[in-house]
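In this text, all values refer to a predicted model and were calculated from it rather than measured experimentally.
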Amino acid sequence: MKGRAILLWICILFQNYRKCQSDKESELLKKLLDPDRYEKRLRPHSGGDALVVNSTMYVVSLGPVSEVDMTFRVGLYFRQYWKDDRLQFTLRNSTMAKVKNLESEKLVLSQDLLSSLWLPDSFFQTETESYVHEVTKRNVFFRLHGNGDILMSMRVTVTSRCPMDLAYFPMDVQACELRIASWGYTSDDITYQWLYDPATFPIVLAQDITLSNFRVINFTCRSWDRELTTGNWSTLGAKFVFGRNTLYFIIQMYIPSTLIVMVSWVSFWVGRSSVPARAALGITTVLTLLTLISSTNANMPKISYMKAIDVYFASCFLFVFASLIEFAAVCYLDKPQSAPKIRKSSMKNRQDYEMSRPPAPSSWHPSSNSAMGPGGQMQAAPSSRSRALDGSYSDFPGRGSTPYTKLKQALSNRLFNQSEKKRFNVGAIDRFSRYFFPITFFTMMVIYWSVYLHKSYESKAKMNVQDQ
């Protein structure tokens with residue numbers, strides 16, 4: 001019983017102490033925020049030197065980085081430090097002049113009191129959209145130290161502009177900068193600085209940050225005075241350098257386009273007589289590559305210059321289209337001489353032969369091949385010449401004698417041999433293409449990757465030098 005009484009007495013004393021402490025803090029806040037001694041519409045040191053506002057960032061999320069909108073999103077804890085001598089206090093039973101370590105005393109204020117205090121009007125210059133998180137309450141806290149030092153931290157998500165150069169896409173490196181400045185105070189009133197701590201950098205990234213198509217290569221910070229027509233404005237900059245992950249684009253774009261080009265080479269091994277097969281193969285590869293190019297550019301901004309992926313796609317399309325043109329050339333050169341031309345040449349040679357042949361002896365006699373016509377006139381009997389299929393006549397009976405048949409066959413063979421000599425050996429075109437197209441294409445690939453990888457490395461090195 002005695003122990004319980006002692007415990008109850010201790011609890012009562014503790015509760016009374018807490019109540020007294022709470023009442024003391026309430027009275028202190030009323031005194032600090034008394035409108036007669038604290039004017040929230042004026043900045044600290046108003047009329048004197050510029051107020052120094054130190055800042056830090058703790059980045060909790062990055063991305064997505066959008067090439068279409070040329071923006072990037074960052075979620076962070078934005079912390080600002082400044083000093084307001086008007087808010088110095090002590091909770092001890094002594095005057096502030098006697099208290100040496102006022103910094104150890106602090107008050108954590110509710111966000112409801114922020115409307116009664118002067119706060120920096122900081123804003124993100126490059127933002128297109130931003131908001132302060134409000135679940136479960138507005139994510140802002142305010143810490144006041146006894147010597148007047150103030151810490152305000154808020155959790156914000158900012159979507160910021162990020163101008164991009166996509167000439168080396170998808171081997172590009174992008175630098176996106178987040179800028180912070182005062183909305184209404186020039187550098188004569190407020191000076192922004194990054195708070196450099198010996199142990200930590202002003203910008204800290206959470207270890208679990210991951211991006212789908214990018215990786216964070218580097219991040220830096222800077223501060224400078226930005227000159228505008230309205231004056232000089234103190235500005236903070238946080239730059240994030242992103243390197244694109246190319247594996248996705250190699251799997252989804254480079255490999256398929258390369259395989260489409262290689263499939264178009266199959267037509268070089270297909271026989272020249274298989275016209276439908278070669279035509280279908282050539283047209284299919286062209287249309288498939290066009291579909292791949294269209295689907296890729298549908299998710300890209302409408303820019304007026306060629307990207308690295310466009311150069312590769314254009315080269316692939318050139319090879320696929322050249323394969324189709326090669327097939328058309330082979331079909332045209334392999335086409336035999338048309339029938340009207342052969343018939344015309346045969347008739348011309350036969351007429352030349354008829355004109356150069358010596359005349360044949362008469363094949364009729366008045367006693368046997370003539371008849372008495374009306375009025376006692378002699379008429380020739382029908383000739384024994386036979387009519388050929390082409391309309392010419394032969395002086396030989398029946399289907400023609402053996403010497404004429406042999407001569408006709410010799411003339412036809414001579415004409416065919418002359419036509420064959422004039423025709424080009426189209427099989428050599430296919431045999432040449434089987435080696436020329438692969439060698440040229442893979443040489444182009446070596447040059448392409450060497451040039452653009454070197455340029456990407458130079459761009460990355462240039463950004464690192466600028467950040468230093």
Side-chain angles (χ1 to χ4, degrees), residues 249-298 300 302 304-349 411-452:
F249 300 96
I250 291 175
I251 296 175
Q252 298 294 328
M253 298 178 188
Y254 283 99
I255 293 179
S257 58
T258 304
L259 292 179
I260 291 172
V261 175
M262 297 176 69
V263 168
S264 68
W265 300 338
V266 175
S267 62
F268 303 148
W269 276 266
V270 179
R272 300 190 300 275
S273 60
S274 302
V275 175
R278 295 188 67 167
L281 183 62
I283 295 174
T284 301
T285 52
V286 169
L287 295 179
T288 304
L289 188 58
L290 286 176
T291 303
L292 180 61
I293 295 173
S294 300
S295 62
T296 301
N297 290 327
M300 297 297 298
K302 305 303 183 288
S304 59
Y305 53 88
M306 291 190 67
K307 306 181 291 294
I309 190 70
D310 294 334
V311 175
Y312 192 83
F313 279 155
S315 302
C316 292
F317 183 81
L318 179 63
F319 277 91
V320 171
F321 190 74
S323 300
L324 187 61
I325 296 299
E326 188 270 350
F327 158 68
V330 167
C331 290
Y332 178 79
L333 296 175
D334 191 48
K335 181 176 63 175
Q337 192 176 14
S338 61
K341 291 183 179 180
I342 295 177
R343 189 181 298 113
K344 185 176 180 181
S345 300
S346 300
M347 293 176 64
K348 186 173 184 244
N349 281 277
L411 289 173
S412 299
N413 292 338
R414 181 182 178 185
L415 178 64
F416 179 79
N417 292 333
Q418 291 177 353
S419 177
E420 283 293 319
K421 290 179 180 179
K422 294 180 180 179
R423 291 171 58 190
F424 187 77
N425 187 8
V426 294
I429 299 179
D430 280 341
R431 291 192 295 271
F432 175 76
S433 300
R434 294 173 188 174
Y435 298 97
F436 175 76
F437 275 74
I439 293 175
T440 308
F441 180 73
F442 288 116
T443 303
M444 182 276 299
M445 288 184 62
V446 172
I447 297 174
Y448 172 86
W449 287 106
S450 300
V451 170
Y452 278 101

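- For N297 against K302, the heavy-atom pair with the smallest separation is O-NZ, 4.4 Å.
- Heavy-atom contacts from other residues, nucleotides or ligands closer than 6.0 Å to OH of Y435 number 12 or fewer.
- Put simply, CD1 on I309 and OH on Y254 are 3.5 Å apart, with the number rounded to the nearest 0.5 Å.
- Residues that satisfy the side-chain contact (heavy atoms from CB on, under 4.5 Å) test with T291, not counting sequence neighbours, are absent from this structure.
- Under the side-chain contact (heavy atoms from CB on, under 4.5 Å) criterion, I255 pairs with I250, L259, sequence neighbours left out.
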Inset, instruction - Report the C-alpha separation of I429 and F268 in whole Å, then their side-chain angles, then the decisive distance to 0.1 Å, and conclude whether the side-chain contact (heavy atoms from CB on, under 4.5 Å) test is met. - result: CA-CA 9 Å; I429 299 179; F268 303 148; over 6 Å; no

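- Ring-plane geometry between F442 and W265 is classed as perpendicular, the angle between the planes exceeding 60 degrees on a 0 to 90 degree scale with a lower cut at 30.
- No side-chain donor-acceptor contact under 3.5 Å links T440 to the backbone of F437.
- For residues 258-268, the set of pairs meeting the salt bridge (Lys or Arg N to Asp or Glu O under 4.0 Å) definition, not counting sequence neighbours, is empty.
- Not a single side-chain contact (heavy atoms from CB on, under 4.5 Å) links S294 to another residue, sequence neighbours left out.
- Residues meeting the side-chain hydrogen bond (donor to acceptor under 3.5 Å, both in side chains) test with T258, sequence neighbours left out: Y312.
- The CE atom of M300 sits 12.0 Å away from the OG atom of S295 when rounded to the nearest 0.5 Å.
- Remark: P256 pairs with L292 by the side-chain contact (heavy atoms from CB on, under 4.5 Å) rule, at least two apart or across chains.
- Nearest heavy-atom pair, C316 versus V261, reported as atom, atom and distance to 0.1 Å: CB-CG2, 3.5 Å.
- Sorted by first and then second residue, the salt bridge (Lys or Arg N to Asp or Glu O under 4.0 Å) pairs involving residues 304-319 (not counting sequence neighbours) are K307-D310.
- For F319, the ring-ring contact (aromatic ring centres under 6.0 Å, His included) test picks out F441, with sequence neighbours left out.
- Residues passing the side-chain hydrogen bond (donor to acceptor under 3.5 Å, both in side chains) test with Y452, sequence neighbours excluded: none.
- Of all non-hydrogen atoms in I283 and L324, the two that sit nearest each other are N-CD1, 4.1 Å.
- Across all non-hydrogen atoms, the minimal contact from F317 to V286 is CE1-CG1, 3.8 Å.
- Of all heavy-atom pairs spanning P438 and S433, the tightest one is CD-O, 3.7 Å.
- Counting only residues at least two apart or in different chains, side-chain hydrogen bond (donor to acceptor under 3.5 Å, both in side chains) contacts with residues 277-288 comprise R278-E326, R278-D430.
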